[in-house]
Amino acid sequence: MMIEYLITILLIASIYAIFALGLNLEWGFTGLVNFGHVAFLAIGAYTTVLLSLHGVPLFVSVLVGVALAGAFGALLGIPTLKLREDYLAIVTIGFAEIIRLFLLNEEWLTGGPMGVCGYPRPFEDIITGDYNLFMLSVVLSILILCYFMLEKLIKSPWGRVLKSIREDEDVPVSLGKNVFVYKIQSLVLGSMLAGLAGSLLAFYLQYINPRNFMPIETFYAWIAVVLGGSGNNKGTVLGAVILFCFFSATRFTQEYVPLHPTQMGALRIMLIGLLLILFMMYRPEGLFGKKEELML
Amino acid sequence: MLLQLLVNGIVLGSIIALAAIGLSMVYGILKFANFAHGDFLTFGAYLAFVFNVVFGFYFILACAVSVILTAMVGVGCDYAIWRPMRMKNANRVTLIIISIGMALFIRNLIIFMWGADIKRYALPVKRGIEFGTIIITQNQIVEIVVAVACMLLVHYILKKTFIGKAMRALADDIDLAKVSGIDVDRVIRYTWVVGMALASVSGILYGLLANINPNMGWFLLLPMFAATILGGIGNPYGAMAGGIMIGLAQELSTAILPPEYKMAVAFAILIIVLLLRPQGIMGTS
Amino acid sequence: MLSVRDVEKSFGGIRAVNGCSLEVERQSIVGIMGPNGAGKTTLFNIISGFEQPDRGAIVFKGENIEAKNSFEIARMGLIRTFQLTKVLSRMTVEENLLLAPKYQQGERIWNVWLRAREVRREEESNRARAHSLLRLFGLLPLKEEYAGALSGGQKRLLELARALMAEPDMLLLDEPFSGVNPTLGNKLLNHIKELRDRFNMTILIIEHDMHVIMRLCDYIYVLNRGRVIASGTPEEVQNDERVLDAYLGGGQYI
């Protein structure tokens, strides 16, 4: 029983780690304030699921989901990435809400508030043992792949340009870099990661509806990134793991605490909000970031 | 039919306008977008509910208590959070993220204390008055009257009182205001008082119009930002005009769009303004 | 090399640049002087594409650039520095320099994998060049330090080194001597002269300090209230009444 539980925690934490790594690329490395990251989680999930229900091979469905998430990232980015950070924050949050409204209302496509279920999962028929264990190994492999891909990218000259945009956009501009293109690439790649996480999430949950894609999901990614120290991929992954261990721990204590599940849920998010405030006020480098960097 | 939408639009618009005034002033003076503003709206609505339904106060008294308490909490947040961050010269994004944390905290505190179900004020349900083809409820009339009264009050404060003039000075050029000897911290505190009080009133009115639920303020956030930016950040009159316009646009849009997409209308206006004229229609370049 | 013709720029009601014209010959050091608020930095911003002029033309290497984006102008070989030093604080000194070279293969996202070997080779050669530049400016021991930890004078040198890494045809230096102590200033002066003599660079420099201008510049333009009020060699300008007037009497003060 305990092992089962551990497997599910690791599974969901790994999926959210991929999600958060995408945000870390956009915010931690490029300095883009994206409050609408959940939109791409949703696009990836719904696209994969709906395509596979129409007979498209699963692998292709996932690829299309990822690609579509990236495409929407470009769609969002092209008119808005030149906006100031606070405007970008407002616009991205609006974008995510519009996507959610669409998912909620266009029943003919998305099933509306009832969502979608009964879709195939990868290799469902073949796996005889513990399916969750299989999923975990798949997700972990994907996570590791993404992690190393991002690390290689961020240490490359391309990553260097991203970091320079984060530090002071005027500098790369004055050196001849087309900053806009880099911002778009960062947003598209980050959105593709979110889309991938969305597909995996859909497989894990076996049933998706718009309530899985509320704005709070974006801020789970944000707290993971902040906890780990923005611009630190290892920290982001650890942040996601810590976050979900914390969630599970609170579910454990549920039995011993005289609170209604809704209240426990609310208490959990209150803590997230409090953590965001406290970290940004007193420890902006997160748990694993470098303090010296912030003194500069 | 269209006339009814017009009426609904003005009513909704005045609620957005009231909330946007406070948002705009804080945005203009403190130079950051306060994502928690919507949840203070919700907070005000819930406080009034608690005093009205749970403690049995008269409705008006409950509202007054809510306004005072919300303003106090707003000032408290300034002391505890915003002022220390000002001293550290925190950048815009840090403040925005903190405000998100606040928004999450307040919203879920409300759920924790009073649950997520829909609530209503303890008021008798009254029939609407018919004016030809349109029906106006008594609540809607109260809303418009209160909203107009508040806007006039804000106008009076801004134009006739010293604090009001100081607020306008700060929104214009904070460094110049500091050099002129204005006690900036004090003016900022008053700005929070006015902004939070208006948010509270706005929340109560919204609770009257629809119902009271934990997400009510969050759902008005996008229209509020749209109104603020449309009217020019830091311009309370712009926020008033912007709010009414957004409200009208949202309601009138239901003639051609499904009503669930009202928020999309606010979003569309927001994007268009930001791309074409980011200083708003009443702002200066 | 550079030709500015009748450029005008207003902000709100204020005419920052009011009909300004100047010429910069190849391989010369031209100075721009003027009291605060004369429009010098605005002019720089316009030339380098950070602002668009309301009117006028700017010709660089035979091409009109007044409508071009700043990054496009930089790619053409016109590199500028900033009045308030802009170094990338949370990146190392070395990384600051490595950012500068144009058209790096590794900066294209596909090449990171598809052309990994070429990228590595390019990085190596760029790193070698960066080290020699750092050595020239005496910053080599600091190459692994965060740029934000450097002193003011060191940051200025870093900014200049970074500009040079981009292999410019022309440099726009905005008050490179402000905040720099006299010893370092002397070194910097000689570096800049060397740039013209050894590296065939063309330089347009904004500077306040009369001594520096006298020793450094081949030609000077004096700006006041957004237009050129005097121009000539340092000796000519030094004794020009209008210049003294502008600095001491009729000029704008902040």
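Values below: all heavy atoms of this structure, side chains included; hydrogens, waters and symmetry mates excluded. Labels below follow one simple rule: chain letters A, B, ... track the order of the sequence lines, proteins then strands, and each chain is numbered from 1.
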Please classify the contact between [X] and chain A as side chain, backbone, both or neither, with a heavy-atom cut-off of under 4.5 Å.
X: C:Pro168; value: neither
X: C:Phe82; value: side chain
X: C:Ala166; value: side chain
X: C:Ser70; value: both
X: C:Val112; value: both
X: C:Arg162; value: both

Exercise for the section: Give the member of A:Val179, A:Leu189, A:Val173, A:Val181 that has the highest number of heavy-atom pairs under 4.5 Å with chain C. Expected result: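 Most heavy-atom pairs under 4.5 Å with chain C: A:Val173.
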
Handout entry: Partner chain A: residue of C:Glu95, C:Arg80, C:Glu159 with the largest heavy-atom pair count (under 4.5 Å)
Key = C:Glu95

Practice task
For the residue pair A:Ser186 and A:Glu26, confirm or rule out a side-chain donor-acceptor distance under 3.5 Å.
Solution key: no

Handout entry: Residue pair C:Asn111 / C:Glu118, side-chain donor-acceptor N/O under 3.5 Å
Key =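 No, no side-chain donor-acceptor contact under 3.5 Å.
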
Problem - Pair A:Lys183 + A:Glu169: basic N to acidic O under 4.0 Å - result: yes

Problem - Pair A:Lys163 + A:Glu167, salt bridge at N-O below 4.0 Å - result: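 The answer is no: the pair does not qualify as a salt bridge.
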
Practice task
Compute the centroid of each ring, for A:Phe219 and then for A:Phe35, and state whether the two points are separated by less than 6.0 Å.
Solution key: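 Ring centroids of A:Phe219 and A:Phe35 are less than 6.0 Å from each other.
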
Practice task
Determine yes or no for a side-chain-to-main-chain donor-acceptor pair under 3.5 angstrom, with A:Thr92 supplying the side chain and A:Ala89 the backbone.
Solution key: yes

